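Structure, as structure tokens:
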Amino acid sequence: MSVFRTTIPENADDEPMVQLIAPDGTRTPHDELDAALAHLTAEDLRAYYRDMVMIRAADIEATSLQRQGQLGLWASALGQEAAQIGAGHAARTQDYLVPTYREHGIAWARGIEPWHLLDIWRGISHSSYDPYELRTHPYMLVLGAQVPQAVGYAMGLQRDGLVGTGDVETDTAVLTLFGDGTSSEGETSEGFTFAASFQTPTVFYTQNNQWAISVPSTVQSRVPLAQRSRGWGIPSVRIDGNDVLAVYATVRLALDAARSGGGPRYIEALTYRMAAHTTSDDDGRYRSADELSTWKGRDPIARLALHLRAIDEIDDAFMARCDEEGHDLSMQLHHHIHGLPDPDPVEIFHEVYAEPHALVQEEREQFLRYQAQFEDEAADDTEEAGK
Ligand SMILES: Cc1ncc(C[n+]2csc(CCOP(=O)(O)OP(=O)(O)O)c2C)c(N)n1
Ligand SMILES: [Mg+2]
């Protein structure tokens, strides 16, 4: 029986969680998933370890840059590195990835340099990387909006004859990512309906990081999220999202099935965001230090290191080199941002549509009037001071 299930257990809590590397680094063999991992070498696994270290370093630096006033906001993916690096690498080059705003590991795996992400969070670009070239949609901040878009894109692929032909170079699937909270959005359900009806090549991937800002995932759903899509006839699996191999193998199988005309799949990856929701959130107000420390014990980077040590495929020198490279990346990001001029907030209105748009124009004028108030106030203050 495949790990992708179509039926719901009598007792919802009996939903299994697929795990290949236990928190102590022990590897569990698994016929179906091991076949999907057979082409990976120890060097690939070391590269994934390095990727996770690099993306964590960039993430920590971005948080500091926000604190230094260089970014407007930053949404940290601390703790979700395996859920993203594994999924990003499982996709083939031609697959189209449709992310949320927290997908820094996905971006890294697709070859998007982290400074592009910083530009987005500084408010100077909607997406300074090329979504077509890198086959990765711009970050989406409107919860759930990307789900029907991803399904629509997949329907387009079907109509273009790029699904189920057997050509491994051209057959294409779409991987769309969204959070546990976003699973409650109507658009997510609408996406499921179209995907199931038209059997689109879409893989829905939820990083259940346990929280939607301050709302726990247990409030979003009475049953494991993995069980939901089965009501639509979309096979699904719940996995340990802090286990890079479980992530890679299941995403790989799901995308293979979708690409070859087997229809949509859903994956719920259990993980944890170890930082606050964003730099403007105070997570100490709604979650306990105990919960955080439990999840720190399941750290995805430490787990892969333990596994690689157990099979004698990593040493201290390699790990130290990764740390150094992470430090160098942080320094590069620091210098990149500190070298930029202050953005002109009005510029953002020019980047919405290629051609003039009446509504955006009106909003721009409204914003200019708003800004002018402060100039008037500043002039008043100067006058007042001169008296
Ligand atoms: C349509 C919409 N409603 C509300 C928000 C405000 N908002 C931003 S992030 C967030 C929580 C999302 O939680 P989840 O989907 O679990 O993703 P996570 O942030 O945990 O990665 C909310 C409510 C939004 N961006 N878009
Ligand atoms: Mg969440």
Side-chain angles (χ1 to χ4, degrees), residues 17 55-56 58-59 62-63 66 71-88 97-108 117 120-121 123 126-127 136-150 175-192 203-226 228-229 238-242 247 266-288 291-292 294-295 298 300 348 352:
M17 178 187 76
I55 204 67
R56 182 169 290 187
D59 201 309
T63 300
Q66 194 281 336
L71 302 181
L73 187 73
W74 178 252
S76 170
L78 219 67
Q80 297 180 217
E81 293 87 355
Q84 298 188 1
I85 292 297
L97 273 54
V98 188
T100 71
Y101 44 84
R102 203 188 290 285
E103 249 68 83
H104 320 316
I106 291 286
W108 176 269
L117 309 179
I120 300 171
W121 294 94
H126 290 303
S127 157
T136 307
H137 207 67
Y139 271 20
M140 172 58 77
L141 276 96
V142 183
L143 301 182
Q146 77 276 27
V147 182
Q149 291 179 10
L175 175 68
T176 183
L177 302 105
F178 54 90
D180 44 292
T182 304
S183 65
S184 303
E185 292 285 338
E187 281 172 292
T188 304
S189 298
E190 288 165 24
F192 284 178
V203 175
F204 302 96
Y205 183 78
T206 295
Q207 286 162 78
N208 181 348
N209 62 7
Q210 313 302 321
W211 293 94
I213 315 186
S214 55
V215 180
S217 65
T218 44
V219 173
Q220 305 283 350
S221 180
R222 294 285 166 212
V223 298
L225 291 173
R228 279 206 180 153
S229 73
R238 175 180 245 200
I239 64 168
D240 183 339
N242 284 5
V247 171
Y266 176 86
I267 299 170
E268 176 192 13
L270 292 179
T271 182
Y272 195 72
R273 99 171 128 67
M274 298 207 277
H277 171 68
T278 62
T279 45
S280 63
D281 172 44
D282 175 4
D283 56 318
R285 295 184 59 175
Y286 56 84
R287 68 175 172 185
S288 69
E291 182 182 298
L292 195 58
T294 303
W295 279 92
R298 299 173 187 156
I348 213 80
V352 184

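This chain uses plain numbering: 1 for the first residue, then up along the sequence. Ligands are counted one by one from 1 in listed order, and the atoms in each one are counted from 1 as well. Remember, it's a predicted structure, so these values are computed and weren't measured experimentally. Quick note: numbers below take in every heavy atom, side chains included, and nothing from hydrogens, waters or symmetry partners.
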Distance-minimising heavy-atom pair for [X] and [Y]:
X: Gly181; Y: Ala212; answer: CA-CB, 3.7 Å
X: Glu187; Y: Gly144; answer: CB-O, 3.5 Å
X: Thr176; Y: Gln146; answer: OG1-CG, 3.6 Å
X: Leu71; Y: Gln66; answer: O-CG, 3.5 Å
X: Asp283; Y: Ala276; answer: OD1-CB, 3.6 Å
X: Gly191; Y: Phe204; answer: O-CZ, 3.9 Å

*Any side-chain heavy-atom pair from Tyr205 and Gln84 closer than 4.5 angstrom?*
no

_I'd like to check Leu143 versus Tyr101 (side-chain heavy atoms, cut-off strictly below 4.5 Å). Are they in contact?_
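Heavy-atom side-chain distance check passes, below 4.5 Å.
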
Which of the ligand 1 atoms, numbered from 1, are nearer than 4.0 Å to a heavy atom of [X]:
X: Gly181; answer: 14 (P), 15 (O), 16 (O)
X: Tyr101; answer: 9 (S), 12 (C), 17 (O), 18 (P), 19 (O), 21 (O)
X: Asp180; answer: 15 (O), 16 (O)
X: Asn209; answer: 18 (P), 20 (O), 21 (O)
X: Arg102; answer: 18 (P), 19 (O), 21 (O)

_Which label fits Tyr266 and Phe178: parallel for a plane angle under 30°, tilted from 30 to 60°, or perpendicular past 60°?_
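Tyr266 and Phe178: tilted rings.
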
*At a non-hydrogen distance cut-off of under 4.0 Å, which region of His277 contacts ligand 1 (side chain, backbone, both, or neither)?*
side chain

*Taking heavy atoms and a distance under 4.0 Å, where does Thr100 meet ligand 1: side chain, backbone, both or neither?*
neither

_From the N, O or S atoms in Asp180, identify the one nearest to the Mg ion (ligand 2)._
OD1

_Suppose we only count N/O/S atoms under 2.8 Å; would Asn209 qualify as near the Mg ion (ligand 2)?_
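Checking Asn209: at least one N, O or S atom is under 2.8 Å.
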
*Within the stated cut-off of 2.8 Å, is an N/O/S atom of Ala212 closer than that to the Mg ion (ligand 2)?*
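No, since none of the N, O or S atoms of Ala212 sits under 2.8 Å from the Mg ion (ligand 2).
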
*asked:* Does Leu117 form a side chain to side chain contact (heavy atoms under 4.5 Å, CB included) with Tyr139? I'd like the steps, not just the answer.
replied: CA-CA 9 Å; Leu117 309 179; Tyr139 271 20; 3.4 Å; yes

*Tell me, please: is Trp211 in heavy-atom contact with ligand 1, that is, under 4.0 Å?*
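The answer is yes: ligand 1 sits under 4.0 Å from a heavy atom of Trp211.
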
*So which heavy atom in the protein is nearest atom 25 (N) of ligand 1, and how far is it from that ligand atom?*
Leu141 O, 2.8 Å

Are any of the N or O atoms of [X] closer than 3.5 Å to those of ligand 1?
X: Leu143; value: yes
X: Thr182; value: yes
X: Ile213; value: no

